[in-house]
Each structure stands twice: as C-alpha cells, then as structure tokens.
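What follows is a short report on a single structure.
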Amino acid sequence: MTADPINPIPKVAPVREAPPAVTAMVQLIRETWHEVEPYTPEISQFFYGMLFTLAPEARDFFPIHMEIQRGKLVRAIVNILQSVDRPDDVAPYLVQLGRDHRKFGVQSHHYEAIGTALLAAVKRQLRDAWTPRVERAWAEAFTIVARSMQEAAEADEYPASWLGTVAEHRRLSWDLALIRVEPEHHIPYRAGQYLSVEVPQRPRLWRYLSPANAPRPDGSLEFHVRAIEGGWVSRSIVSHTQPGDVWRFGAPMGRLDVDRQSGRDVLMIAGGTGLAPLRAILDHLGGWGHNPNVTLFYGGATRDDLYDLEQLRALASTNPWLTVHPVVEHGEGLSGFEQGTLADAVTARGAWPGHDVLVSGSPAMIRATVSRMLVAGTSLDQIRYDPFALD
Ligand SMILES: Cc1cc2nc3c(=O)[nH]c(=O)nc-3n(C[C@H](O)[C@H](O)[C@H](O)COP(=O)(O)OP(=O)(O)OC[C@H]3O[C@@H](n4cnc5c(N)ncnc54)[C@H](O)[C@@H]3O)c2cc1C
C-alpha cells in the first residue's frame with residue numbers, strides 16, 4: 001500500500017493495472033503539478049484568460065463573479081488527469097461527468113480550448129521544466145479524459161438537464177432545510193447518486209446535492225441542505241428558497257449503492273447531510289422483504305447535527321435488518337450516544353470483514369474515516385465513497 005502525496009487517502013493497487021506507460025505518464029504529471037501547485041491562482045488566471053480568448057462563449061459556463069470560481073476548475077481537471085492510471089475508478093466517473101457537462105452546452109471545440117489553455121498555463125509556470133516529455137504526458141492524459149467525456153456525452157439519450165419546481169421548503173434547524181422538488185420530467189437517478197443543481201438565487205453556481213429518497217412514482221426529490229458558513233449557495237438555499245422556485249439539474253452521478261444479491265452485509269457511515277444518499281438507499285431497501293443486514297453509524301459534532309435520528313430509529317424499529325448507532329463528538333452525559341468521531345466508533349469494532357462499506361460526508365470526514373479503516377485492516381476493495389467529489 002502506498003500513500004499518494006496528492007490525495008491523503010492511501011491507495012492499494014488498482015483492480016485493473018494501468019499499462020506501465022500510463023503509470024509513468026501520471027507520475028510525471030504528479031511530479032510537475034507538485035512543483036507548480038502553490039501557483040494555482042496564477043495558473044487559473046492565465047487559464048481563464050486564454051480559454052475566453054479561444055472560446056469567448058465559454059464565459060457563459062461560469063458565474064458572473066469569476067473570483068468565486070477561484071482555482072476550482074483547474075484543480076478538478078488536474079485531479080482527474082492524475083487518476084487516469086486507475087481506469088476502474090476513473091472510467092465510470094468520466095462517463096457521468098461527460099453526461100453532466102451537457103448541461104453547459106459544451107461542444108468538442110470547448111474541450112480543445114480547455115486543454116490548450118490548461119497546458120499553456122502549466123507550461124508558463126513550469127518554465128524550463130516543461131520538456132517535450134512533460135508536454136506529451138499532460139497532452140495524452142487530457143486527451144484520454146476529454147475523449148471519454150465527449151463519447152459519453154454523444155451517446156447519452158437523456159436531456160442535457162432537467163427542470164424542477166420547489167414544492168416545499170422546511171427549516172429543520174437554523175442551518176438546515178429540507179427541500180422537496182417536483183421535476184417536470186422523471187430524472188433517471190439511482191438511490192445513492194447525487195445531482196448537480198443550479199438554483200435561481202445563484203445562477204451558474206452549480207453545486208452537488210444528493211436526493212435523500214429513492215426514486216418515487218411521482219418523480220419528486222427531497223434534499224437536506226446544510227448552510228455552510230461563508231458558503232455562497234448553501235446559505236442561499238437554506239435562507240431564501242421558496243415554493244415555486246425553479247431548479248435545474250445535471251445528469252445523475254456517483255457510485256454509492258448496495259448489491260442486495262451479494263450475500264454481504266453492509267456498513268454505512270454517514271456524517272451530517274452525508275446521510276442523504278444513504279437515506280435514499282435505505283428508502284430503496286425498505287421496499288424489499290429481504291435485505292442484507294445494514295449497520296448505520298450516523299455522526300456529527302453535536303446531538304443537533306443528527307437531524308434525522310428519530311426517523312431513522314422509526315425505520316429501524318420496523319425493519320429488523322437495520323441497526324442505527326448515533327455518534328457525537330461532543331455529548332458528555334448523553335445516553336444512547338457513542339462519543340467520539342465516526343472513525344473512532346467504527347474502527348473500535350475491528351475491520352468489518354464480510355461487509356461492504358459505504359462512507360458519505362464532508363471530504364475531511366471521508367478522508368479520516370477511510371484512512372483509519374484501512375489502518376484497522378479493512379480492505380479498500382470493501383469501501384465505497386465518491387472519491388472524485390473530494391475537492
Ligand atoms: C457528492 C456530493 C454530494 C453532496 N450532497 C450534499 C447534500 O445532500 N446536502 C448538502 O447540504 N450538501 C451537499 N454537498 C455539499 C454541497 O455540494 C456544497 O459543497 C456545500 O453546500 C457548500 O456549498 P456553498 O456554495 O455554500 O459553499 P462554497 O461557497 O462552495 O464554499 C464556502 C467555503 O466553505 C467550505 N466548504 C464547502 N463545503 C463544506 C463542507 N461540507 N463543510 C465545511 N466546509 C465546507 C469551502 O471550502 C469554502 O471555504 C455535497 C457535495 C458533494 C461533493
């Protein structure tokens with residue numbers, strides 16, 4: 001097992017080994033990016049300047065105030081380029097990403113412009129270290145990514161995006177809201193997936209949200225949204241969403257799910273609103289008579305963060321396959337709650353052999369929990385989370 005300097009979650013060897021040339025290519029990208037990463041703001045500024053010169057209409061893909069965007073896109077692309085040596089992980093993600101990007105109206109010449117601008121921006125920062133070999137590595141990795149996304153976009157039979165009307169907005173606490181949306185047309189998502197969402201109060205600031213319910217006959221979706229301090233979109237959703245608002249959605253993404261036929265039990269680990277996709281999976285399982293045993297650890301900083309605990313307990317009381325363990329970091333004297341982090345609570349019980357493990361929550365919580373579980377002896381093959389969403 002090796003620790004990846006870019007992504008602090010240790011990796012085991014990929015299920016399908018990448019050819020040595022691809023491994024070498026990714027290694028070169030990692031090394032050169034490591035050199036210039038501290039200059040991400042400068043790289044981003046040059047990148048956008050060149051992109052909007054090559055393809056002025058691409059400006060419409062981004063928010064009006066570009067400073068909100070900061071280094072997000074450059075970092076996201078570079079993260080993916082550094083992952084092309086993990087074909088089993090990255091290939092399905094690129095298919096979903098290519099479909100999702102149809103919502104912008106991205107055409108093939110935009111991919112070319114993005115690649116040209118990125119390479120030029122990194123080259124400018126790397127100076128003499130930008131050798132023909134380095135250029136080939138960056139260009140080939142970008143081609144792999146862009147081609148996979150374009151092919152997926154072209155093959156997609158669904159609309160580029162969906163509209164839905166907010167039917168209900170309910171404050172669950174001062175910083176948390178439940179929003180129910182009724183889409184115009186059925187969105188073909190699977191329980192456990194997430195969607196990119198644009199709300200009218202924050203045009204072009206797309207954010208990911210996970211429906212907290214399995215697909216319903218009426219197509220309606222429920223979201224649990226927590227207002228993040230200083231957050232542009234989440235605060236606006238929690239404070240200003242109103243019935244009648246029209247939301248826009250991109251294509252469903254993500255790989256959290258439960259294989260009911262595998263014969264394996266399931267361990268779910270949810271931090272805060274990371275519960276939403278796991279709640280959707282439980283909702284889906286609730287429709288079946290026989291299910292694997294599911295143990296859910298649901299954690300937060302304080303008791304108030306476990307906003308859905310009563311409903312989960314009610315679900316467990318009528319579904320013997322489900323056990324719920326609430327965990328709080330600060331809850332001295334609270335009976336019925338374990339104290340500590342989710343990583344503490346889960347690893348205190350060993351390596352969870354014979355279980356499929358689903359982890360959902362903030363990037364920091366996912367990193368900490370997965371790292372601790374690997375140290376405790378759980379195999380990475382057992383664990384599922386949405387790694388590319390860790391920005
Ligand atoms: C796959 C996926 C599914 C998601 N599902 C949900 C969901 O169902 N419900 C939900 O409420 N959110 C969900 N999120 C998070 C959501 O997409 C936004 O990132 C979050 O709402 C913050 O957006 P913002 O515009 O308010 O903050 P931004 O303006 O983007 O960020 C403001 C500041 O807050 C920091 N920040 C961003 N997110 C967090 C966080 N989670 N914890 C602490 N600091 C943070 C940023 O680094 C930045 O410094 C999901 C994210 C992913 C990747």
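Counting begins at 1 with the first residue of the sequence.
- Checking each of D259, D356, D381 against R264 for a salt bridge (charged side-chain N to carboxylate O under 4.0 Å, His left out) leaves exactly one that passes, namely D356.
- Under the 4.5 Å side-chain heavy-atom criterion for ILVMFWY residues, a single connected hydrophobic cluster contains both I29 and L126.
- Residue F46 holds its CZ atom at 5.5 Å from CZ of R124, rounded to the nearest 0.5 Å.
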Cut-off 3.5 Å, no hydrogens considered: what does the side-chain donor-acceptor table look like for residues 314-322, sequence neighbours left out?
residue, atom, partner, partner atom, Å
S317, OG, A314, O, 2.7
T318, OG1, A314, O, 3.4
T318, OG1, L315, O, 3.2
N319, OD1, W321, NE1, 3.4
N319, ND2, L315, O, 2.9

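- In the hydrophobic clustering of this structure, L195 does not group with L256; members are Ile, Leu, Val, Met, Phe, Trp, Tyr whose side-chain heavy atoms approach within less than 4.5 Å, directly or through other members.
- The minimum heavy-atom distance between G336 and P326, with the atom names listed, is O-CG, 3.4 Å.
- A donor-acceptor pair shorter than 3.5 Å can be found between the side chains of R248 and S161.
- In this structure, a donor-acceptor pair under 3.5 Å is absent between the side chains of Q150 and E154.
- H169 places a side-chain N or O within 3.5 Å of a backbone atom of V238 that can act as its donor or acceptor partner.
- D85 and T23 share no side-chain donor-acceptor pair at under 3.5 Å.
- Side-chain contact, W138 with T32: a donor N or O sits under 3.5 Å from an acceptor N or O.
- Heavy atoms only, all atoms of each residue included: D265 and N293 are closest at OD1-N, 3.1 Å.
- Minimum heavy-atom separation, A137 to L28: CB-CD2, 4.0 Å.
- Judged by distance alone, the side chains of N291 and R260 do bring a donor and an acceptor atom under 3.5 Å apart.
- The two residues T341 and R372 have their closest heavy-atom pair at OG1-NH1, 4.4 Å.
- Cluster membership check: V346 does not share its hydrophobic cluster with L358, using side-chain heavy-atom separations under 4.5 Å among Ile, Leu, Val, Met, Phe, Trp and Tyr.
- A donor-acceptor contact shorter than 3.5 Å is absent between the side chain of H101 and the backbone of Q107.
- Residues that satisfy the side-chain hydrogen bond (donor to acceptor under 3.5 Å, both in side chains) test with R147, not counting sequence neighbours, are absent from this structure.
- Here the side chain of D245 pairs a donor or acceptor atom with the backbone of Q242 at under 3.5 angstrom.
- Aromatic ring centres of F61 and H110 lie closer together than 6.0 Å.
- With hydrogens and angles ignored, the 3.5 Å screen pairs a side-chain donor or acceptor of Q201 with a backbone N or O of H240.
- The CZ atom of R313 sits 11.0 Å away from atom OH of Y298, with the distance rounded to the nearest 0.5 Å.
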Any chance you could lay out the side chain to side chain contact (heavy atoms under 4.5 Å, CB included) test for W206 and D100, step after step, and finish with the verdict? CA-CA 11 Å; W206 291 84; D100 175 64; 5.9 Å; no

Trace of the side chain to side chain contact (heavy atoms under 4.5 Å, CB included) decision for L81 with L118: CA-CA 11 Å; L81 298 187; L118 177 72; 4.0 Å; yes

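- Checked for salt-bridge contact, D89 and R255 meet the test: a charged N lies under 4.0 Å from a carboxylate O.
- Side-chain atoms of T40 come within 3.5 Å of backbone N or O of E37 as a donor-acceptor pair.
- Every residue meeting the side-chain hydrogen bond (donor to acceptor under 3.5 Å, both in side chains) condition with H224, not counting sequence neighbours, appears here in chain and number order: Y307.
- Checked against the 6.0 Å centroid threshold, Y189 and F249 do not count as a close aromatic pair.
- Between A251 and W162 the shortest heavy-atom distance is CA-CZ3, 3.8 Å.
- There is a path of hydrophobic side-chain contacts, each under 4.5 Å, that joins L309 to L334.
- Put simply, the side chain of E168 never gets that close to the backbone of P243: no donor and acceptor are under 3.5 Å apart.
- With 3.5 Å as the limit, one finds no donor-acceptor pair spanning the side chains of D304 and T302.
- Residues F62 and F52 place their aromatic rings such that the two centres sit under 6.0 Å apart.
- Interatomic distance, CD of Q339 versus NE2 of H330, reported as 9.0 Å (0.5 Å rounding).
- The backbone N or O of E198 lies less than 3.5 Å from no partner atom in the side chain of R202, so there is not a single donor-acceptor pair.
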H284/R190 under side chain to side chain contact (heavy atoms under 4.5 Å, CB included): CA gap, chis, key distance, verdict: CA-CA 9 Å; H284 167 71; R190 197 187 59 235; over 6 Å; no

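- A side-chain donor-acceptor contact under 3.5 Å links S173 and D175.
- Residues V324 and V357 fall into different hydrophobic clusters, defined by Ile, Leu, Val, Met, Phe, Trp and Tyr side chains chained together at heavy-atom separations under 4.5 Å.
- Among all heavy-atom pairs drawn from W130 and E135, the shortest one is NE1-OE1, 3.2 Å.
- At a threshold of 4.0 Å, the pair D283-R216 does not count as salt-bridged, since none of the basic side-chain nitrogens sits closer than that to a carboxylate oxygen.
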